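What follows is a short report on a single structure.
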2 protein chains.
Amino acid sequence: MKGPTTIKEIAKRLNLAKSTVSRALHDHPSIGLRTRMQVQALAKELHYEPNQTAIFFQQKKTFTIGIVLPELSEAFFSAAISGIEDTANKHNYMVLLGQSHDDESREKKIVEIMKNHRVDGLLVSIAKNTADYSHFEMLKHYDIPVVFFDRIPNLTDIHYVACNMQSGTLQAVSLLLEQGHRVIGMINGPEKLIASQQRTSGYQQALQKRRLKFDASLIVSSDLTKEGTRAAMRQLLAHKRKVTAIVAFNDYVSQDAVQYALEQHLEINKDITFVSYANLPLSSYMAYPPFASVEQYPYQQGQKATEILLELLAAPGKTDTFHNITLDSRLVLAPGR
Amino acid sequence: MKGPTTIKEIAKRLNLAKSTVSRALHDHPSIGLRTRMQVQALAKELHYEPNQTAIFFQQKKTFTIGIVLPELSEAFFSAAISGIEDTANKHNYMVLLGQSHDDESREKKIVEIMKNHRVDGLLVSIAKNTADYSHFEMLKHYDIPVVFFDRIPNLTDIHYVACNMQSGTLQAVSLLLEQGHRVIGMINGPEKLIASQQRTSGYQQALQKRRLKFDASLIVSSDLTKEGTRAAMRQLLAHKRKVTAIVAFNDYVSQDAVQYALEQHLEINKDITFVSYANLPLSSYMAYPPFASVEQYPYQQGQKATEILLELLAAPGKTDTFHNITLDSRLVLAPGR
DNA sequence: CTGTTAGCGCATTCAT
DNA sequence: ATGAATGCGCTAACAG
């Protein structure tokens, strides 16, 4: 009972040097066919398996990537993580997980622990309120590359992959216009968010293409709480022009807005039509699914981010160029439309 | 440029032995206050941080637990993993992730890799078709404890936490009886599943309590595909007695069943009432949410399983007793009921 | 209270 | 083609 088989053990039994065994196991060219066979045979017989922790230690590499995100139970992130895990595994990397619960201090702590665990790299979607990025910048001193995805910090010299909401919004509004809607409201998110600005741009662009006038009062922002959304709805429904369609910031907002509309005795898809941004699963099971949704490709974002990170890990020290991929969001019609 | 600070470095600068420094850093009692201060001061100054990989290696412990489950994007599992991660983190453990995608060979591979990464323990919910458990049993030889949760293998000597569906079913059927329903159908899952048997028991028990006669033809099983469910519905609706309520195997089945009922021009909650088992999020957003749902506590299952595992890790070699916790499922009324 | 020594398992450099 | 020696960073057993 002396624990798992080690190289030393094999060496002893075969009267060889540890180094010889090590090389034989690695199919090193300078090892005699004869001994190599012997070694590998015995290794199999004794169920030899290299002690990864020793290798990690010695090689200063763990084949592990850390992933930090706000909340696993949000459908968007669980899809993203799925993409990450699949890609990482394909390249024989493991994935270490941590959720910030949208709390900056927790985020810092997790990053710290992951650094200590010597992850080779980090994939992160930052917490809602993270304003200080020092915990990420300090990683540079440790040569731990970071690729951000979806929720990216407002920094220039970073790697990231995100999804541009403008294209999807453009398509969404265009669709509504095609269908004859002329007074289209938008419940947007906080104005400082890049994603909000992109939505606004897309909206404007759609009008421009048709040479229609842009009415800024049709875009109201919500703090994304239920109350905020209801306030926004109140404002939109009170607009002097009759709003017949609404682009909601996301599926959650959409649901709250729909509820409000129902309370006002509006008939969905008749008096008023909703378009949203997909982040709820199973929209087919929803009471009033949005007429159409802007897809944000969480799985693909995770995939891409991982690929970039792996590339960074393969080509170390390439601190010069920053990878930033922006996927275009895309409008998807609800099933049966 | 000589990499991160090490203990050796500190020792040299202070003319101390490495061991002294190590002890000082750990607040070992037998170290002079004086030197301890010195050491800790210099450590801070040089930004000393222990190299965890070295420690892992040396201590044969990684403070990492592996978690293997079928599919992250299933709401049930993402909730469970949330509970796992939270609990693990609280105890300074990290979590290594792997999804089997319900594929046995992938499951085996993941377990293998995790073993190589020297995780301290494993938390697993097995793949749908896993029939051979050798990859789990071999872990015993490596002293890697495993705690199963939710989807547990049909083995005796294992640790697990699962949720007993009987209690919830009992409550569900009782509720329906209280409300005057007398002909209650049940769409059950494959009969060999423990969970299916538990549902049947709960159903029968509810009738017994009220001294009502059990009619086996009111329980039909579905293979859980949409078609299977529709067939089951067809059968139930054709029953000689008029079925006024149905207990569906889960939310997915429930949705398919509701759809079928609608096609037959039945009015939900009037002509026919549905009760289900919660595994969809946001049931409040569903078109026809079940009247009531049996809660399976994914977060708590994850939490409990983790606690057991941590306990196992704390008390090594306790291979005698097997922990198996069974939570009771519980009926929860739909919001607004 | 502190120093010395050894060793965890492996890859690797330098000999031979 | 093989062996011997070294070190990665840390802890711990054993001296003093």
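Because the structure is a prediction, the values reported are computed rather than measured. Letters go in sequence order (proteins before strands), and every chain restarts at 1.
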Q.
Between B:Arg151 and B:Asp102 (salt bridge meaning N to carboxylate O under 4.0 Å), is one present in this structure?
A. yes
Q | Nearest-neighbour nucleotide for the A:Ser19 side chain, D:dT2, C:dC10, D:dG3 considered | A | D:dG3
Q: Compare the minimum distances between each of C:dC10, D:dT11, C:dG3 and the side chain of B:Thr20, then state the nucleotide with the smallest one.
A: C:dG3
Q) Are A:Thr87 and A:Glu307 close enough, and set up right, to give a side-chain hydrogen bond (donor to acceptor under 3.5 Å, both in side chains), and what steps lead you there? A) CA-CA 7 Å; A:Thr87 312; A:Glu307 280 164 8; 5.1 Å; no
Q. What nucleotide, of C:dG3, D:dC10, C:dA11, holds the atom closest to the side chain of B:Pro50?
A. D:dC10
Q. Is the distance from OP1 or OP2 of D:dC8 to the nearest side-chain N or O of B:Lys8 less than 4.0 Å?
A. yes
Q: Using heavy atoms to find the nearest nucleotide of DNA chain C for A:Ala54 and A:Arg23 separately, return the residue whose nucleotide is more 5′.
A: A:Ala54
Q: For residues B:His117 and A:Phe56, establish whether the separation of their ring centroids is below 6.0 Å.
A: yes
(Q) Can you measure B:His26 atom NE2 to C:dT2 atom C1' for me and round it to whole angstrom units? (A) 16 Å
Q | From C:dG3, D:dA4, C:dC10, nucleotide with atom closest to A:Gln58 side chain | A | C:dC10
Q: Find the distance A:Phe56:CZ to C:dC10:P and express it as a whole number of Å.
A: 13 Å
Q.
Measure CZ/A:Phe57 against P/D:dC10 and give the value in whole Å, please.
A. 8 Å
Q) Will you find, in the side chains of B:His135 and B:Glu112, an N or O donor that is under 3.5 Å from an N or O acceptor? A) no
